[in-house]
*Asks:* 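Dropping the structure in here first, questions after.
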Protein chains: 2
Amino acid sequence: MAASSIKEQVYQELSRVTHAISNSKRMELIDVLSQKGYSVEELSKEIAMSIASTSQHLQVLKSVKLVETQRQGNFIIYSITDDSVLRLISAVKELGYRKIAEIERLIGDFKADKNILESITIDDLMAKSKKEKVMLIDVRPEDEFNAGHIPNAVSIPLSQLKKRLKELPKNKTIIAYCRGPLCIMSADAVKLLHQKKFKAIRMEDGFVEWKLKQQNIPKN
Amino acid sequence: MAASSIKEQVYQELSRVTHAISNSKRMELIDVLSQKGYSVEELSKEIAMSIASTSQHLQVLKSVKLVETQRQGNFIIYSITDDSVLRLISAVKELGYRKIAEIERLIGDFKADKNILESITIDDLMAKSKKEKVMLIDVRPEDEFNAGHIPNAVSIPLSQLKKRLKELPKNKTIIAYCRGPLCIMSADAVKLLHQKKFKAIRMEDGFVEWKLKQQNIPKN
DNA sequence: TAACTATTCAATAATTTAATTGAATAGTAG
DNA sequence: CTACTATTCAATTAAATTATTGAATAGTTA
């Protein structure tokens with residue numbers, strides 16, 4: 001009958017959305033784009049894949065409106081369409097990180113590999129910042145910081161950290177964050193800071209995780 | 001290098017989760033299972049597909065822990081593993097409904113087809129129930145009601161509605177809900193009630209949508 | 001224990017998908 | 001208007017996915 005056929009079609013359309021992120025490279029693309037818009041060339045470097053293939057993956061994502069484009073001079077800049085994309089990816093990660101043992105193992109390996117000893121979450125940060133003075137530093141590239149960052153964070157890209165140590169206090173705990181749980185820039189930053197006798201700790205969550213958390217707090 | 005390889009592997013595992021719901025039949029299965037657990041046979045009828053194929057789809061869903069099984073007598077009952085699955089599907093739908101013009105068109109057709117003239121949301125219901133007396137009826141099959149329902153709702157399965165009209169008040173607005181936006185049982189109920197001169201209106205959201213909404217209200 | 005039943009497995013064929021290479025295109029900047 | 005450049009298109013091949021059928025399996029009931 002007509003009704004069930006329409007129902008079928010709706011499910012087909014919905015599954016086109018999930019199909020778009022059912023490929024690891026496309027998942028990675030969306031995750032990179034969660035930070036800020038990037039050109040095809042930049043993205044192809046980031047995910048280690050030919051420009052032509054990257055372009056085709058991006059077109060799949062675009063066809064279901066997960067990403068959108070905008071020209072900037074010679075470049076075409078891809079970015080995610082809106083926060084509903086972030087929520088989708090976050091829901092996938094939540095399920096994966098919690099339920100798939102293999103992912104837990106991989107993340108464990110990842111941390112071990114990178115000597116990530118200790119880290120806190122956003123909630124920990126909030127609690128900590130009420131009890132003691134902390135300094136929050138964002139060690140991502142500056143343009144990602146400019147595209148959005150956690151309030152009160154100071155931008156000190158990892159590449160500049162060594163030269164800018166004098167900006168940092170010895171009497172406060174320094175909290176470093178970057179792109180999220182799979183990013184190691186904050187771990188490297190903390191390692192360097194420890195060598196230089198600062199009190200520093202890594203925060204696993206990044207700006208995106210912070211932003212999503214904010215949205216769950218109602219406005220009243 | 002090793003590090004990027006682990007990251008790669010995490011994305012690969014994550015994309016297995018989305019791959020599992022990248023097929024329209026599997027999406028439909030999850031959606032049906034969002035209401036309550038069902039046997040393979042029941043599910044195969046629901047999605048209009050052979051038992052063997054249904055079983056194989058279910059195994060894909062199970063392999064990424066979207067569903068789990070439990071034996072009940074001769075039957076194996078599949079159910080979703082937990083609420084993180086609901087949140088994932090909800091995120092997909094949010095994106096699908098908002099972003100894909102095709103779906104909007106389809107839902108438009110769907111509604112026109114079914115004469116779904118008017119509907120309210122959960123928020124509307126809450127507001128309405130403070131201003132006037134309303135009666136909330138759940139027109140899904142009784143076992144789905146028993147598996148979980150919106151507080152204060154009364155179970156009147158669509159199949160029994162005609163016989164049970166005398167239980168309904170003429171002086172209150174009757175709000176009918178079923179499985180959610182893609183389900184037409186509540187629309188059919190409202191149509192019947194209008195014929196019988198009741199004041200009735202359909203609520204698009206179902207129990208699952210209500211439940212997820214509750215979770216976003218923090219506990220303080 | 002035997003018969004029965006719901007579910008899963010296995011093999012197949014048609015369809016999709018993915019990554020690559022090299023050519024084509026559209027748009028910018030000089 | 002020309003040259004240049006970032007991106008997309010097209011064709012190809014290998015691999016993966018889907019739905020089906022019929023056989024096999026585990027588990028239950030009598």
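In the text below, chain A, chain B and the rest are named by the order of the sequence lines, each starting its count at 1. All values derive from a computational prediction rather than experimental measurement.
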*Asks:* Quick one: is A:S55 getting a side-chain N or O under 4.0 Å of the D:dT7 phosphate, OP1 or OP2?
*Replies:* no

*Asks:* Nearest-Å distance, CZ (A:F75) to P (D:dT8)?
*Replies:* 13 Å

*Asks:* Taking only side-chain N and O atoms of B:Q59, does any of them lie within less than 4.0 angstrom of OP1 or OP2 on C:dC9?
*Replies:* yes

*Asks:* According to a strict under-4.0 Å criterion, is A:N23 in side-chain N/O contact with OP1 or OP2 of C:dA18?
*Replies:*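 For C:dA18, OP1 or OP2 has a side-chain N or O of A:N23 closer than 4.0 Å.
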
*Asks:* How would you list all residue pairs meeting salt bridge (Lys or Arg N to Asp or Glu O under 4.0 Å) that involve residues 39-51 of chain A, not counting sequence neighbours?
*Replies:* A:E46-A:R179

*Asks:* Measure CD1/B:I51 against P/D:dT21 and give the value in whole Å, please.
*Replies:*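 In whole Å, D:dT21 P lies 12 Å from B:I51 CD1.
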
*Asks:* Does A:Y78 put a side-chain nitrogen or oxygen below 4.0 Å from OP1 or OP2 of D:dT8?
*Replies:* yes

*Asks:* Provide, to the nearest angstrom, the distance between the CD atom belonging to A:Q12 and the P atom belonging to D:dT17.
*Replies:* 18 Å

*Asks:* In whole angstroms, how far is the C1' atom of D:dG27 from the CD atom of B:Q70?
*Replies:* 16 Å

*Asks:* Which pair of non-hydrogen atoms, one from B:L88 and one from B:V17, has the smallest distance, and what is that distance?
*Replies:*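 Heavy atoms of B:L88 and B:V17 come nearest at CD2-CG1, 4.2 Å.
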
*Asks:* May I have the distance from A:H57 (atom NE2) to D:dT8 (atom C1'), rounded to whole angstrom?
*Replies:* 14 Å

*Asks:* Distance check needed: D:dT5 C1' versus A:Q72 CD, whole Å only.
*Replies:* 16 Å

*Asks:* Taking only N/O atoms, report every protein-nucleotides 24-30 of chain C pair under 3.5 Å with atom names and distance.
*Replies:*
{"residue": "C:dT28", "atom": "O4'", "partner": "A:N74", "partner atom": "OD1", "Å": "3.3"}

*Asks:* According to the salt bridge (Lys or Arg N to Asp or Glu O under 4.0 Å) rule, which pairs have a member within residues 57-73 of chain B, sequence neighbours left out?
*Replies:*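 Every pair satisfying salt bridge (Lys or Arg N to Asp or Glu O under 4.0 Å) with a residue in residues 57-73 of chain B: there are none.
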
*Asks:* Rounding to a whole Å, what distance do you find between A:H19:NE2 and C:dA18:C1'?
*Replies:* 10 Å

*Asks:* According to ring pair (Phe, Tyr, Trp, His ring centres under 6.0 Å), who are the partners of B:H149, at least two apart in sequence or on a separate chain?
*Replies:* B:F145

*Asks:* Charged N to carboxylate O under 4.0 angstrom, A:K99 versus B:D82?
*Replies:*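 Salt bridge present between A:K99 and B:D82.
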
*Asks:* Any pair with a residue in residues 12-38 of chain B that passes salt bridge (Lys or Arg N to Asp or Glu O under 4.0 Å), sequence neighbours left out, goes on the list, sorted by first then second residue, please.
*Replies:*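 Found A:E8-B:K25, B:E13-B:R16, B:D31-B:K93, B:K36-B:D143.
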
*Asks:* Please write out each protein N/O paired with an N/O of nucleotides 20-22 of chain C under 3.5 Å, distance rounded to 0.1 Å.
*Replies:*
none

*Asks:* Short of 4.0 Å, heavy atom to strand atom, which residues of residues 25-44 of chain A count as contacting DNA chain D?
*Replies:* A:S39, A:V40, A:E41

*Asks:* Under the ring pair (Phe, Tyr, Trp, His ring centres under 6.0 Å) definition, can you give me all pairs with a residue in residues 66-85 of chain B, not counting sequence neighbours?
*Replies:* none

*Asks:* If the condition is salt bridge (Lys or Arg N to Asp or Glu O under 4.0 Å), which residues does A:E104 pass it with, not counting sequence neighbours?
*Replies:*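 Listed in chain order: nothing, the list is empty.
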
*Asks:* C:dA6 C1' sits how many Å from B:L58 CG, rounded?
*Replies:* 13 Å

*Asks:* Regarding A:S90 and A:E94, is there a side-chain donor-to-acceptor distance under 3.5 Å anywhere?
*Replies:* no

*Asks:* Looking at five pairs on each end of the helix from C:dT1-D:dA30 to C:dG30-D:dC1, what is the angle between the two axes, given to 10 degrees?
*Replies:* 40°

*Asks:* My understanding is that only residues two or more places apart in sequence, or in another chain, count here; which of them pass salt bridge (Lys or Arg N to Asp or Glu O under 4.0 Å) with B:K211?
*Replies:* B:D83

*Asks:* Applying salt bridge (Lys or Arg N to Asp or Glu O under 4.0 Å), can you list everything that pairs with B:R164, at least two apart in sequence or on another chain?
*Replies:*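 Partners of B:R164 under the salt bridge (Lys or Arg N to Asp or Glu O under 4.0 Å) test: B:E167.
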
